[in-house]
Amino acid sequence: MTDISIANAKKNYGFKNVLDDFALEVTSGEKIGLIGPNGCGKTTLFKLITKEENLDAGSISIRKGANVRLLSQMPPVVSDSCTVKDILTRDFKDIFEIETYMKDLEEQMATAEPDKLEHILDRYGKLQTRFMDLDGYAVDSKISELCNKFRISEDMLNRKFNTLSGGEKTIVNLASIMLSNPDVLLLDEPTNNIDIDTLEWLESYLKSYTGTIILCSHDRYFLDKVVSKIVLIERGKLEIFFGNYSYYLKENERRILAEFEQYKDQQKMIEAMKRKIKQLQEFGKLAYPGGESFFKRAASIQKRLDKMELLEKPETTKEIPLNFQMNDRSGKQVLMVRDFDLSVANKNLLNQVSFDVVFKDRTCLMGKNGSGKSTLIKYIMNLYENEQDDNNIRIGSTVSIGYIPQTITFEDDNATILETARKSYYGSETHLRASLAKFMFNGENVFKRVGTLSGGEKVRLKLFELMQKNVNLLIMDEPTNHIDITTQEVLEEALKEYPGTILFISHDRYFINEIAKKILYIENNGIKEYLGNYNDYINKSKI
């Protein structure tokens with residue numbers, strides 16, 4: 001059974017065709033992962049399916065009666081008084097209104113005169129029938145059951161929605177959607193701001209979900225666990241791979257190599273035909289006036305050439321040529337922490353923790369949201385930037401730090417990319433613009449105000465700044481947030497070649513597996529150390 005059918009779809013924004021003759025069939029129960037570079041049209045596709053936007057041409061058909069729900073990247077804008085319970089019950093307003101009327105009528109029945117009682121009973125009966133049709137008596141139990149399943153406590157129900165963390169908002173919004181029993185779930189970056197424990201729970205939940213899922217995510221580990229079909233969107237069109245993300249990687253590489261070989265073969269054939277045409281024309285001129293046959297054969301080959309369907313050259317992915325340099329290496333002892341306590345607003349985060357970061361370590365700091373990871377990094381950076389000492393934390397004397405925070409800001413939001421980059425770059429403007437072009441800031445883009453940049457663009461610009469500093473310790477707080485998979489992979493390759501020390505926070509398990517050689521896991525106000533990457537941590541932590 002087909003839930004969604006998209007045929008000959010076209011969507012254009014100005015001079016850019018986001019979708020161009022796009023076609024996709026979605027069968028009931030499928031779990032599909034949408035991938036592609038930022039701006040390729042993934043979120044646009046969701047908006048077209050939910051009719052938030054309209055196609056320029058083509059059609060989108062949704063199975064009659066199918067309940068399609070979208071979990072957006074951005075949480076809904078609500079008033080400060082809105083509670084978690086208000087979010088969960090927002091689809092049941094009709095039921096609660098009927099329930100209120102029924103309670104009002106019940107009160108009236110208790111004191112009504114006999115001649116009016118029959119009229120009240122009649123109204124009450126009609127409302128009760130409607131209430132039962134809407135399954136109103138089961139709403140409270142449904143909400144209670146879902147709260148247990150989504151780990152939403154009674155205390156959390158009464159919290160103001162706007163006070164929740166990004167990850168908590170995502171879970172509450174998803175729970176609200178699931179109360180409506182959707183047939184099709186559209187999930188736009190559902191893993192943003194969610195810690196690993198919650199990610200693992202979400203994976204398990206979605207794997208057991210019997211409906212249809214189309215999800216857009218930059219989390220490759222999540223895609224591997226949840227989806228069984230990958231749809232790659234490139235240049236407005238799609239390519240389908242019947243497997244998870246790891247299968248796509250292997251198959252896509254094979255496909256590109258095959259397409260490139262076909263393209264090369266066709267180019268050789270075209271060149272040979274052109275040479276033959278030129279040769280025949282030369283023979284025709286030499287044989288004049290009896291060379292008509294040579295010209296006819298040349299014209300025949302030209303016709304075949306004109307009718308040939310030309311293959312496009314397979315587009316190789318634009319890569320940011322990250323090449324971290326390091327002029328002076330640090331000593332063996334990069335960072336030493338001994339019996340360190342950390343508290344914020346009277347909340348104890350760390351208690352008597354000790355650990356070392358030594359030269360060439362690749363250390364990932366992990367833990368649940370709110371456990372103190374970012375706070376610890378910020379404390380270390382404050383010591384470094386202000387050249388302060390702490391009896392419990394020592395930064396090596398020859399250590400120079402490059403830092404990418406979770407929320408990237410620049411000194412002046414009104415400054416252009418070019419003006420911002422100039423502050424850290426030593427060289428001519430011509431060379432500067434050439435360097436920025438390698439980071440995908442081309443032409444007029446360099447005049448964009450940094451305050452208007454997307455998350456991925458900010459990461460690229462911050463990386464550019466970092467490249468100029470020749471640091472020997474990289475500290476990164478969620479570096480893969482907001483960047484597409486291609487940029488993540490380029491960053492991974494560069495970090496593998498980096499000759500210095502790396503300390504980073506991440507919930508991206510694929511990224512952790514690629515980069516980490518040591519895990520520091522914050523739990524119960526302490527830190528446990530595990531040698532290896534994320535998979536090693538999982539195996540050792542369950543022993």
Side-chain angles (χ1 to χ4, degrees), residues 195-196 324 326 328-411 424 459 462-463 465-466 469-481 491 495 498-508 511-512 515-531 537:
D195 61 36
I196 288 177
F324 289 94
M326 189 180 74
D328 301 306
R329 60 154 285 178
S330 68
K332 182 173 177 59
Q333 196 69 43
V334 175
L335 178 67
M336 184 174 71
V337 178
R338 293 289 181 271
D339 302 323
F340 178 66
D341 296 326
L342 182 63
S343 299
V344 174
N346 298 321
K347 182 182 179 182
N348 187 29
L349 297 174
L350 298 174
N351 183 29
Q352 295 287 292
V353 300
S354 299
F355 63 88
D356 291 308
V357 175
V358 299
F359 180 60
K360 285 213 169 186
D361 263 356
R362 302 287 196 265
T363 303
C364 180
L365 196 57
M366 288 172 54
K368 293 181 179 179
N369 285 344
S371 61
K373 304 183 298 296
S374 293
T375 306
L376 173 60
I377 292 297
K378 287 173 184 174
Y379 188 86
I380 293 169
M381 285 305 303
N382 185 61
L383 293 178
Y384 174 75
E385 290 169 353
N386 294 291
E387 299 181 353
Q388 295 174 335
D389 293 322
D390 185 295
N391 292 331
N392 304 97
I393 294 181
R394 186 167 68 84
I395 300 170
S397 58
T398 57
V399 170
S400 57
I401 300 178
Y403 176 50
I404 298 182
Q406 190 173 142
T407 302
I408 295 174
T409 58
F410 298 95
E411 285 183 15
S424 59
V459 171
K462 184 59 71 173
L463 284 171
E465 289 183 336
L466 205 56
K469 294 183 179 179
N470 299 309
V471 297
N472 54 39
L473 170 60
L474 289 175
I475 296 182
M476 301 177 289
D477 192 349
E478 297 286 359
T480 60
N481 276 3
L491 177 60
L495 292 175
Y498 176 60
T501 307
I502 301 172
L503 173 63
F504 68 101
I505 298 170
S506 183
H507 292 144
D508 186 331
F511 183 78
I512 298 170
I515 302 303
K517 303 296 181 186
K518 182 168 73 178
I519 304 291
L520 295 175
Y521 195 92
I522 298 179
E523 190 173 32
N524 300 323
N525 306 115
I527 287 182
K528 290 183 180 178
E529 183 176 309
Y530 301 87
L531 292 179
Y537 153 73

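Residue numbers run from 1 in the order of the sequence given.
In this structure, the salt bridge (charged side-chain N to carboxylate O under 4.0 Å, His left out) partners of Asp356, at least two apart in sequence or on a different chain, are Arg338. Residues forming a side-chain hydrogen bond (donor to acceptor under 3.5 Å, both in side chains) with Asn386 (at least two apart in sequence, or on another chain): Asn382. For Tyr384, there are no ring pair (Phe, Tyr, Trp, His ring centres under 6.0 Å) partners, not counting sequence neighbours. Residues forming a side-chain hydrogen bond (donor to acceptor under 3.5 Å, both in side chains) with Arg394 (at least two apart in sequence, or on another chain): none. In this structure, Tyr403 has no ring pair (Phe, Tyr, Trp, His ring centres under 6.0 Å) partners at least two apart in sequence or on a different chain.
Between Cys364 and Ser506, the shortest heavy-atom distance links the atoms SG-N, 4.1 Å. In terms of heavy-atom proximity, Val358 sits nearest to Val334 at C-CG2, 3.7 Å. Between Leu466 and Gly402, the shortest heavy-atom distance links the atoms CD1-CA, 3.3 Å. Looking at every heavy atom in both residues, Arg362 comes nearest to Ile515 through CB-O, 3.2 Å. When every heavy atom of Ile395 is checked against every heavy atom of Ile380, the shortest pair comes out as CD1-O, 3.8 Å. The two residues Val353 and Val337 make their nearest non-hydrogen contact at O-CG1, 3.7 Å.
Counting non-hydrogen atoms of neighbouring residues, nucleotides and ligands closer than 6.0 angstrom, the CD atom of Glu411 reaches no more than 12 such neighbours.
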Let me check something: any side-chain donor-acceptor pairs from residues 522-531 under 3.5 Å, sequence neighbours excluded? List them with distances.
from, atom 1, to, atom 2, distance (Å)
Asn525, ND2, Asn348, O, 2.8
Asn525, ND2, Leu349, O, 3.1

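Taking the six-membered ring for Trp and thresholds of 30 and 60 degrees, Phe511 and Phe504 have ring planes more than 60 degrees apart, a perpendicular arrangement.
Distance alone, capped at 3.5 Å, places no donor-acceptor pair between the Lys518 side chain and the Asp361 backbone.
Defined by atom type and a distance below 3.5 Å, a donor-acceptor pair is missing between the side-chain atoms of Asn472 and Ser330.
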